[in-house]
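Everything below concerns the one structure shown next.
Computed from a predicted structure; not experimentally measured.
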Amino acid sequence: MVIIMKYLIQALKESSLFKSLDSEFIKSVLAKTKFKTNMYKKNSVVAFEGDLCNKIGIIINGHIEVQKIYPSGKTVTISKMGRGNIFGEVIIFSNMGQYPSSIISSTDSEIMFIPKDDIINLCTKNTIILNNFMELLSNKILMLNNKLKNISYHTIKEKLANFILEEYSKQNSLKIKIKLSKKELAEHFGIPRPSLSRELINMKNDNIIDYDRKTIEILDLDGLEDILIKT
């Protein structure tokens, strides 16, 4: 039990909800909650779209994918999460209260669930957890805002230009590092991978960017901005 608790606490310290808290405090917090952990096999369902969401999930080990599954059988991966990442934190306080997409365990994984009432209680009694939770929600809202902005761009060139400019601002470098594969980047934009590759080639031929497997170098910053200004 002690070994298991240490394992859980170490994973929780990597989550945004429990950051800046020491192991003993996290242990005391867990003792006051009705948390439970579930194990999932690769490709098993954590939650179906429309399922009731009254707990937050914290990934202790493994990876999950948030997927939109259409009646035709087509599946679009909306996001991917790993150890320490949290899901359900926005939904449990919404009027809807249901998962808007399905959550699939993309590897063997372990997930801790903490009920909504316990989250409220923890935030009420500890300002650090409250601040961490508010930061978590704020970051999620900003991320969704960026996704909505990306959706507002109609062409692949516009989506790609916006992504490159955002990474340029974050990394403060004309040569930006790309953590996503082409497949993952295409899924991020909701477009076919060949279409993404074709647009990268077009922008390279126009001397706007150069790229390899892990980086994109901005050759013409004004030209990149013009793609969005002219929309």
Side-chain angles (χ1 to χ4, degrees), residues 16 49-50 59 63-82 84-91 94 96 98-104 106 134-231:
S16 54
E49 178 179 344
I59 303 170
H63 293 82
I64 66 168
E65 293 185 0
V66 180
Q67 297 182 350
K68 186 70 177 179
I69 303 173
Y70 294 93
S72 64
K74 180 182 178 182
T75 299
V76 175
T77 299
I78 299 172
S79 64
K80 298 181 179 183
M81 301 182 190
N85 288 156
I86 298 172
F87 61 91
E89 73 281 3
V90 176
I91 307 169
S94 72
M96 180 178 66
Q98 296 174 318
Y99 286 101
S101 303
S102 295
I103 298 178
I104 309 298
S106 53
M134 291 298 101
E135 183 179 306
L136 177 63
L137 291 177
S138 297
N139 288 338
K140 181 62 69 73
I141 291 170
L142 288 173
M143 182 188 71
L144 293 174
N145 201 30
N146 286 335
K147 284 191 174 184
L148 285 174
K149 184 172 69 172
N150 187 58
I151 292 172
S152 71
Y153 295 122
H154 301 293
T155 69
I156 297 173
K157 178 179 282 190
E158 292 165 3
K159 295 176 187 290
L160 189 53
N162 179 61
F163 172 80
I164 294 171
L165 287 170
E166 284 185 346
E167 289 302 314
Y168 163 70
S169 296
K170 291 176 186 176
Q171 300 183 30
N172 195 29
S173 172
L174 290 172
K175 191 168 187 177
I176 61 176
K177 296 178 181 178
I178 305 299
K179 297 179 181 179
L180 302 175
S181 66
K182 280 188 180 179
K183 179 178 181 295
E184 292 171 331
L185 195 55
E187 289 177 346
H188 173 76
F189 294 138
I191 60 176
R193 179 177 170 179
S195 299
L196 173 65
S197 297
R198 187 162 52 248
E199 195 53 63
L200 283 168
I201 292 171
N202 290 339
M203 293 174 76
K204 181 175 181 178
N205 291 338
D206 290 339
N207 293 316
I208 295 175
I209 63 168
D210 194 11
Y211 67 92
D212 56 32
R213 192 165 61 90
K214 295 184 178 180
T215 64
I216 294 178
E217 183 177 5
I218 301 172
L219 303 178
D220 184 356
L221 186 58
D222 289 338
L224 198 60
E225 293 174 342
D226 285 343
I227 293 172
L228 301 182
I229 293 172
K230 293 176 181 178
T231 61

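Interatomic distance, CG of Leu196 versus CD1 of Ile191, reported as 4.5 Å (0.5 Å rounding). The structure places CG of Leu200 at 10.0 Å from CD1 of Ile156, a figure rounded to the nearest 0.5 Å. The distance from the OG atom of Ser102 to the CD1 atom of Ile64 is 11.5 Å, given to the nearest 0.5 Å. Atom CE of Met203 sits about 5.0 Å away from atom CD1 of Ile208, to the nearest 0.5 Å. The line from OG of Ser94 to CD of Glu89 is 11.0 Å long, rounded to the nearest 0.5 Å. The CD1 atom of Ile216 lies 6.0 Å from the CG atom of Leu160; values are rounded to the nearest 0.5 Å.
Here salt bridge (Lys or Arg N to Asp or Glu O under 4.0 Å) pairs that include residues 175-186, with residues two or more places apart or in two chains, are Lys80-Glu184, Lys183-Glu187. Screening residues 194-205 for salt bridge (Lys or Arg N to Asp or Glu O under 4.0 Å) gives Lys204-Asp210 as the qualifying pairs, with residues at least two apart or on separate chains.
Between Phe87 and Val66, the closest side-chain pair of non-hydrogen atoms is not below 4.5 Å. Between Ile227 and Glu158, the closest side-chain pair of non-hydrogen atoms falls below 4.5 Å. Residues Ile178 and Tyr211 have side chains not in contact (no heavy-atom distance under 4.5 Å, counting atoms from C-beta outward). Side chains of Asn162 and Leu165 form no contact here, defined as non-hydrogen atoms less than 4.5 Å apart. Looking at Gln67 and Glu49, their side chains never come closer than 4.5 Å, going by heavy atoms from C-beta outward.
Residues forming a side chain to side chain contact (heavy atoms under 4.5 Å, CB included) with Leu174 (at least two apart in sequence, or on another chain): Tyr168, Ile218.
The neighbour count for Asn205 CG, taken as heavy atoms of other residues, nucleotides or ligands under 6.0 Å away, is above 12.
Scanning all heavy atoms of the two residues, the minimum distance from His63 to Gly82 falls at CD2-CA, 3.6 Å.
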